[in-house]
Visitor: 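One structure is given below, represented as structure tokens, and several questions about it will come after.
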Number of protein chains: 2
Amino acid sequence: MANPKSMKKMILRSIRTTLLEGGSSTKAELSDKLGISFPTVSKFLADMEKDGEIISLGLDESSGGRRAKRYTYNPEYMLGLAIFLEKSETNYTIFNCFGEIKKQGKVSSVLKEDGLHLLTTHIEEIITANPKIRSMAIGVPGAVDRGRIFHIPGYEQFKDLDLKGYYENYFSIPVAVENDMNAAVLGYYHTRKRKDQSLVYLYSGQNGPGAGIMINGTVVRGSMFFSGEVQFVPQYNERNFQEALMNGSGTRNETISEKYEIDAIGRLVASFVAIINPHTFIFCQDEVNEATMDKIKENSSTYIPAEHLPAFQVGDWKQDYLFGLQNLCLEVMVDKISNLS
Amino acid sequence: MANPKSMKKMILRSIRTTLLEGGSSTKAELSDKLGISFPTVSKFLADMEKDGEIISLGLDESSGGRRAKRYTYNPEYMLGLAIFLEKSETNYTIFNCFGEIKKQGKVSSVLKEDGLHLLTTHIEEIITANPKIRSMAIGVPGAVDRGRIFHIPGYEQFKDLDLKGYYENYFSIPVAVENDMNAAVLGYYHTRKRKDQSLVYLYSGQNGPGAGIMINGTVVRGSMFFSGEVQFVPQYNERNFQEALMNGSGTRNETISEKYEIDAIGRLVASFVAIINPHTFIFCQDEVNEATMDKIKENSSTYIPAEHLPAFQVGDWKQDYLFGLQNLCLEVMVDKISNLS
DNA sequence: ATAACTTATTAAACGTCTTTAATAAGTTCT
DNA sequence: AGAACTTATTAAAGACGTTTAATAAGTTAT
């Protein structure tokens, strides 16, 4: 699409994102940065200010002439709702456009019989109590294809459900639905400034290891939404990654420390480097510590030239997951909502 | 950017691509498909016809009313130049907008001392002889970062050279520079209709195997342009992919047939599936035949659930490489050239 | 053959963004 | 304090795409 309407949308979106990301701006700065003429920026900002979407911060120090007016986004103008569907419970968070958490709550898990209906009721209550909510993001422990739950082991009643479509229709607000690992890697991605990077977020949880992967700024889903199922990577004559981590026993340690674990992960890192050569490799902070990470790094470098190894980082999974959902929320907010006449 | 100028560009680009991809169109079809109003399409087409960029094909059969005029792109309006820098020789191809080859030639390799100067002279001659050339793409056996040759083993005099910038400045036409494997996977991608897919193009050449990887429609380059260096993937207790293919001897067979080769490749496929889960896996036609491919497929499925295996295809590497460069050429043509007032 | 009906194209009026010029506000130098 | 100079903002004119209405071209039925 290339017409005046889409142009208006693009302008509004670009102003919103720069204001939200940059903190504050003057009209001239926006005009300059976005390649939009001053009068146009002026008109949009006037409308947005009248609507309460932006707030004047007063005048800048003079740079030799008339002082410029500075504007900032009003974070309370719209709120977002993030919902985490988990096995044992369902958490939700209400936050403003700056990502500041306004309210947090927990209800019993909706991943059970008649869970959809239950979830709908909960959301209804939350939205009625917080009418400023303009979008929501739902994280689910399963594969998601454009808002449709594609595969969700253990909770078959949610399978093939177009959750996004259903709730967008029901609540008339934009909705994002995303897999938990993908949301986490997305969240981590957005907390860093460097964009367009490739990330791998590894967690070696109890029910099999998994990885969230991001390349060139987009989440990798795979043809069958099977990407990141690293447990199947063949690593030794007779063992794949999963088997190597198990080391013959039926269970797994919570934290990683044993030599066989280090070598398995080291090999996995090497495989990732040889295949996609990511910028950063993220481990979960409750699974590895700094010392282990150093050992893994050393181990990987026996398989692959050390200069090509990624940066090793620890991430707070829970936190990144929340950030990811928040970001999805904000994205659809910035993109879809238009209160301008 | 969001302003009238960028809009004009977008409109022109979208008309060009649909005309080139779809073969031919009427004004109404374009207006409909692109979401651009009829009068605007009309105006653009009028300009383009006057300029010789499009040609009228006469009138459609009537669908009950006045017959619509049908237009097609004039393939000879612009030509593209693809140049392949190889160890032993330098090939070039001149083709029109439909990808039809107009001329082909070969000169001695420029990958040697003072090669840049030599290449420049060659290009100068070609362009003078074919003044309709409006863009060029250069394929190089090395890592390329936004037109700059980043790493090119064996030809150090080309290292850190911004070939794209240099020639764009010198010849005043848009230039694309791309790694050979990446160009091949891009070429394969564009020969298929299904878009937004993930592909892996594997070749197990003499000087170590390599893979071109495409995910979500973009080429994967990696943080250090090291992606696809699959030789380093650890596969057995004591062997990585490269060593497994060698099987202890110092050399490699041209075609793949031995059991140890099948298992190594089967494991590599499994690793790819577990990590990025691609739609399609492409082998070079001179390296594997159908029977071998079936064996590999069977072998992979011992490591990973068969339903997640990608489609297996054979590709003509040389051909796909050419297509890739052609596509890069066409892309910059469609994107950058604007002969409209 | 002509009237009634479809569909394609052209023309005029309107909205939106940009460019350019004019005005307002602030700073610095004398 | 006032003139000269910067810089921000507003206003008017111009460019471009869309919408809506009018016209041209073709088909079908009587």
Side-chain angles (χ1 to χ4, degrees), chain A residues 1-16 18-19 22 24-51 54-72 338-341, chain B residues 1-16 18-19 22 24-51 54-72 338-341:
Chain A
M1 269 241 262
N3 53 38
K5 261 180 208 159
S6 67
M7 208 160 138
K8 205 164 178 174
K9 265 193 180 172
M10 277 170 64
I11 292 174
L12 182 59
R13 188 178 57 210
S14 64
I15 290 178
R16 276 178 175 158
T18 39
L19 232 34
S24 71
S25 276
T26 65
K27 290 178 179 175
E29 282 168 15
L30 284 170
S31 165
D32 229 50
K33 177 163 184 191
L34 301 177
I36 302 169
S37 74
F38 192 97
T40 302
V41 171
S42 203
K43 189 172 118 338
F44 273 86
L45 289 196
D47 287 355
M48 289 166 85
E49 189 176 17
K50 198 163 60 198
D51 202 45
I54 57 173
I55 298 169
S56 168
L57 284 180
L59 303 175
D60 266 21
E61 283 305 291
S62 168
S63 55
R66 174 169 168 179
R67 295 162 67 186
K69 219 170 165 187
R70 181 160 289 276
Y71 296 89
T72 186
S338 72
N339 289 325
L340 301 182
S341 52
Chain B
M1 269 243 260
N3 55 38
K5 262 181 208 158
S6 67
M7 208 160 138
K8 204 164 179 174
K9 266 193 179 171
M10 277 169 64
I11 292 174
L12 183 58
R13 189 178 56 209
S14 62
I15 290 178
R16 277 177 175 160
T18 40
L19 234 34
S24 71
S25 275
T26 64
K27 290 178 179 175
E29 281 168 15
L30 284 169
S31 165
D32 229 50
K33 178 163 182 191
L34 302 175
I36 302 169
S37 75
F38 191 98
T40 302
V41 170
S42 203
K43 190 172 117 342
F44 273 86
L45 290 196
D47 286 356
M48 290 167 85
E49 189 176 17
K50 197 163 62 199
D51 203 43
I54 57 174
I55 299 170
S56 167
L57 284 181
L59 303 175
D60 266 20
E61 283 306 291
S62 167
S63 54
R66 174 169 169 178
R67 295 163 66 187
K69 220 170 165 187
R70 180 161 289 277
Y71 296 90
T72 187
S338 71
N339 289 326
L340 303 182
S341 52

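Here the structure is a predicted model, which is why all the values come from computation and not from measurement. Proteins get letters first, then strands, A, B, ... in listed order; numbering begins at 1 in each. Because only heavy atoms are used, hydrogens play no part in the values below, and waters and symmetry mates are left out as well, while side chains stay in.
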Visitor: Expressed in angstrom and rounded to an integer, what is the separation of A/Arg70 atom CZ from D/dA8 atom C1'?
Guide: 14 Å

Visitor: For B/Met7 and C/dT16, what is the distance between atoms CE and P respectively, to the nearest whole Å?
Guide: 12 Å

Visitor: What integer distance in Å separates B/Met10:CE from D/dT18:P?
Guide: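 Result: 11 Å.
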
Visitor: If you compare all heavy atoms of A/Ile15 against all heavy atoms of A/Phe44, which two are closest, and at what distance to 0.1 Å?
Guide: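 The pair with the smallest heavy-atom distance is CD1-CB, 3.7 Å.
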
Visitor: Taking only the side-chain nitrogens and oxygens of B/Lys69, find out if one of them lies under 4.0 Å from OP1 or OP2 of C/dA8.
Guide: no

Visitor: The criterion is side chain to side chain donor-acceptor pair (under 3.5 Å); which residues satisfy it with A/Thr72, sequence neighbours excluded?
Guide: none

Visitor: Could you tell me which non-hydrogen atom of A/Ser31 sits nearest to which non-hydrogen atom of A/Phe38, and how far apart they are?
Guide: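 Scanning both residues completely, I find the closest heavy atoms to be OG-N, 3.4 Å.
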
Visitor: I need the CD1-C1' distance between A/Ile11 and C/dT18, as an integer number of Å.
Guide: 11 Å

Visitor: Over all heavy atoms of both residues, which pair between B/Glu49 and B/Ser56 is shortest? Give the atoms and the distance, please.
Guide: OE2-CB, 3.6 Å

Visitor: Expressed in angstrom and rounded to an integer, what is the separation of A/Lys8 atom NZ from D/dG17 atom P?
Guide: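 In whole Å, D/dG17 P lies 18 Å from A/Lys8 NZ.
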
Visitor: Going by number, which of residues 26-37 of chain B have a non-hydrogen atom under 4.0 Å from DNA chain D?
Guide: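 Residues of residues 26-37 of chain B that come under 4.0 Å of DNA chain D are, in numerical order, B/Ile36, B/Ser37.
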
Visitor: Report the residues that fulfil side chain to side chain donor-acceptor pair (under 3.5 Å) with B/Thr26, sequence neighbours left out, ordered by chain and then residue number.
Guide: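 Here no residue qualifies.
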
Visitor: Starting at atom CG of B/Asp47, determine the distance to atom P of D/dG17, rounded to an integer number of angstrom.
Guide: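 That distance rounds to 10 Å.
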
Visitor: How sharply is the helix from C/dA1-D/dT30 to C/dT30-D/dA1 bent, taking the axes over five pairs at either end and rounding to 10 degrees?
Guide: 10°

Visitor: Going by the rule side chain to side chain donor-acceptor pair (under 3.5 Å), which residues pair with B/Ser37 if we only count those two or more places apart in sequence or in a different chain?
Guide: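 So B/Ser37 forms a side chain to side chain donor-acceptor pair (under 3.5 Å) with B/Thr40.
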
Visitor: Over all heavy atoms of both residues, which pair between B/Ile54 and B/Leu45 is shortest? Give the atoms and the distance, please.
Guide: CD1-O, 3.4 Å

Visitor: Give the rounded distance in Å between these two atoms: NZ of B/Lys5 and C1' of C/dT16.
Guide: 16 Å

Visitor: Check the distance between D/dT9's P and A/Lys43's NZ and give it to me in whole angstrom.
Guide: 17 Å

Visitor: What string of B, S and - do you get for nucleotides 22-27 of chain D, 5' to 3', if B is base contact, S is sugar-phosphate-only contact and - is no contact with any protein heavy atom under 4.0 Å?
Guide: --BBBS

Visitor: Can a side chain N or O of A/Thr40 be found less than 4.0 Å away from OP1 or OP2 on C/dT16?
Guide: no

Visitor: Which pairs pass salt bridge (charged side-chain N to carboxylate O under 4.0 Å, His left out) with one or both residues in residues 25-40 of chain B, sequence neighbours excluded?
Guide: B/Glu29-B/Arg70

